Amino acid sequence: MPSWVENEAMRANRNLLKVNGLILAGVLLVGGLEHRYLYNFFTGCARIDAYELASLTSPSQRTRNFVTVTGARAVRTGYRDVEQRVEKSTGRVISSTVKDEYILLRTGGKLLLVKALPGAEKLDYSGELVATKESVRRDLLGQLSAQDPALAAMVLPFTLNAADYRNQGIASLIIGVPLLLLTGWNFLKGLRRNNDAQSSPTWRGVAAYGPAEQVSARIEQEQPGAVNYGRLQIMNSWLVSRSYFKTRVCALDDLVWAYKKVTKHSVNFIPTGKTYSVILCTRRKEQFMEQMKEAQVDAFLQALLQRAPWSAVGFNQTLAGMWRRNKAEFIAMVDTRRQKATSASAG
């Protein structure tokens, strides 16, 4: 039968593999849904002639919709996408930046609407065939149709995005590649820990107090009397913190300082609530935090005082300064308090 430490190590490892499996499945799902775009992104633009371009009725009709088009004439339409920075308090426009402009490119007997970078008037464009935005249909093509219906009828029913068509692929690489590397690394760790539980952080944390199986047995003996405060579990001699990916073990003898931390939250300077945490500092000069309800924080600190009355409980600037400047001095102070408590108990 697996020991307590083996069960905890396996629980954390299962969660590690489960979460990273879901991340990997999500990345693969997004990649599958965007397979056409990614295929075009990596293979680049294929040249397309005017006859084939004129035969298309939809931008998705062609698998290779990253294309290079050469026209006979290019004319600026005057329609542009402008990005403005607006001052929130007054609504005043601070700055305006032209992101792109729209050009009509004559190719064969048709006109291709091209979304291009500002000032990029030329006869050769590479980009992605996309659906024409509704705002462009309404404000640009609608006005053109009212002025010259015959000319508007020559415009193809899609747009060549030659401005920012590669941005989506670059963003996918920036996000997707690190995620794939991370999940791959975590899967390797998970598989190694499946074969060797002693390589897990949980096992190593328990083994810091002696032979892991023996320490595990002592913790398991105290489990029936354990009291839970959020994710913290306090026993007569041990403190256990169970997170999703790790179980942290700390001997009560190692705790030197514990105090309540209150964090105030606000949106636009309007208070929205508070969260409460307990901060725990150990003689190994480590510090960790556990968030819980305020009543649980107070009850936990009271339980800690009963089990380890020599430890410093509560916050003040003197203790904070001592811990920040000289942790060894802080630990020595707690050790002195413990010796006095032990002597008084023995007397």
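The structure presented is a predicted model; accordingly, all values stated were derived computationally and were not measured.
- Within 6.0 Å of CZ on R36 lie more than 12 heavy atoms contributed by other residues, nucleotides or ligands.
- D100 contributes no side-chain N or O that, together with a main-chain N or O of K115, makes up a donor-acceptor pair within less than 3.5 Å.
- Listed for the R62 side chain is a donor-acceptor partner under 3.5 Å among the backbone atoms of R64.
- Taking every heavy atom of both residues into account, T70 and T107 meet most closely at O-OG1, 4.0 Å.
- Separating the CZ atom in R14 from the CZ atom in F245 is a distance of 13.0 Å, to the nearest 0.5 Å.
- Of all non-hydrogen atoms in R76 and G119, the two that sit nearest each other are NH2-CA, 3.2 Å.
- Considering only heavy atoms from C-beta on, V313 stays 4.5 Å or farther from F300 through its side chain.
- No more than 12 heavy atoms of other residues, nucleotides or ligands lie within 6.0 Å of CZ in R85, so this atom counts as exposed by the packing criterion.
- Atoms CG and CG, on L113 and L104 in that order, are 5.5 Å from each other to the nearest 0.5 Å.
- Considering only heavy atoms from C-beta on, R47 comes within 4.5 Å of D124 through its side chain.
- Nearest heavy atoms, S199 versus R193: OG-CG, 3.5 Å.
- At least one donor-acceptor pair under 3.5 Å links the side chain of E6 to the backbone N or O of S3.
- Listed for the W185 side chain is no donor-acceptor partner under 3.5 Å among the backbone atoms of L180.
- Looking only at side-chain heavy atoms (C-beta outward), T336 and M333 stay at 4.5 Å or farther from each other.
- Counting heavy atoms from C-beta on, the side chains of W4 and V249 come closer than 4.5 Å.
- Atom CD of Q143 has 12 or fewer neighbouring heavy atoms from other residues, nucleotides or ligands inside a 6.0 Å radius.
- Remark: side-chain polar atoms of S145 are not paired, donor with acceptor, to backbone N or O of L141 under 3.5 angstrom.
- The backbone N or O of A226 sits nowhere less than 3.5 Å from a side-chain atom of Q233 that would complete a donor-acceptor pair.
- The aromatic ring centres of Y37 and F66 sit less than 6.0 Å apart.
- Counting non-hydrogen atoms of other residues, nucleotides and ligands closer than 6.0 Å to CZ of F288 gives a total above 12.
- In this structure, V30 shares a hydrophobic cluster with no other residue, the cluster being traced through Ile, Leu, Val, Met, Phe, Trp and Tyr side chains under 4.5 angstrom apart.
- A cation-pi geometry, defined here as NZ or CZ lying under 6.0 Å from the six-membered ring centre and within 45° of its normal, holds between R284 and Y209.
- A distance-only check finds a donor-acceptor pair linking the side chain of R106 to the backbone of G108 [under 3.5 Å].
- Here the side chains of V130 and Y165 are not in contact, with every heavy-atom distance at 4.5 Å or above.
- With hydrogens and angles disregarded, a donor-acceptor distance shorter than 3.5 Å links the side chain of N40 to the backbone of N65.
- Side chains of F315 and I279 form no contact here, defined as non-hydrogen atoms less than 4.5 Å apart.
- Using a cut-off of 4.0 Å between Lys/Arg side-chain N and Asp/Glu carboxylate O, K133 and D139 are scored as not salt-bridged.
- A donor-acceptor pair is defined here as one N or O able to donate and one able to accept, closer than 3.5 Å; no such pair exists between the side chain of R307 and the backbone of S237.
- In terms of modelled atom types and a separation under 3.5 Å, the side chain of N161 and the main chain of G127 share no donor-acceptor contact.
- Between K285 and I331 there is a side-chain heavy-atom pair separated by less than 4.5 Å.
- Residues R248 and E286 meet the side-chain proximity criterion, which asks for heavy atoms closer than 4.5 Å.
- By the 30° and 60° cut-offs, the orientation of the rings of F330 relative to W323 is perpendicular.
- Each of E294, H265, K264 was evaluated against T275; a single residue qualifies, H265, per the side-chain contact (heavy atoms from CB on, under 4.5 Å) test.
- A cation-pi arrangement, defined by a distance under 6.0 Å to the six-membered ring centre and an angle within 45 degrees of its axis, is present between K122 and Y125.
- Side-chain contact check for T202 and S200: no donor-acceptor pair (N or O, by modelled atom type) lies under 3.5 Å.
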_For S241 and E290: C-alpha separation, side-chain torsions, deciding distance, then whether side-chain hydrogen bond (donor to acceptor under 3.5 Å, both in side chains) applies._
CA-CA 8 Å; S241 170; E290 292 291 346; 2.3 Å; yes
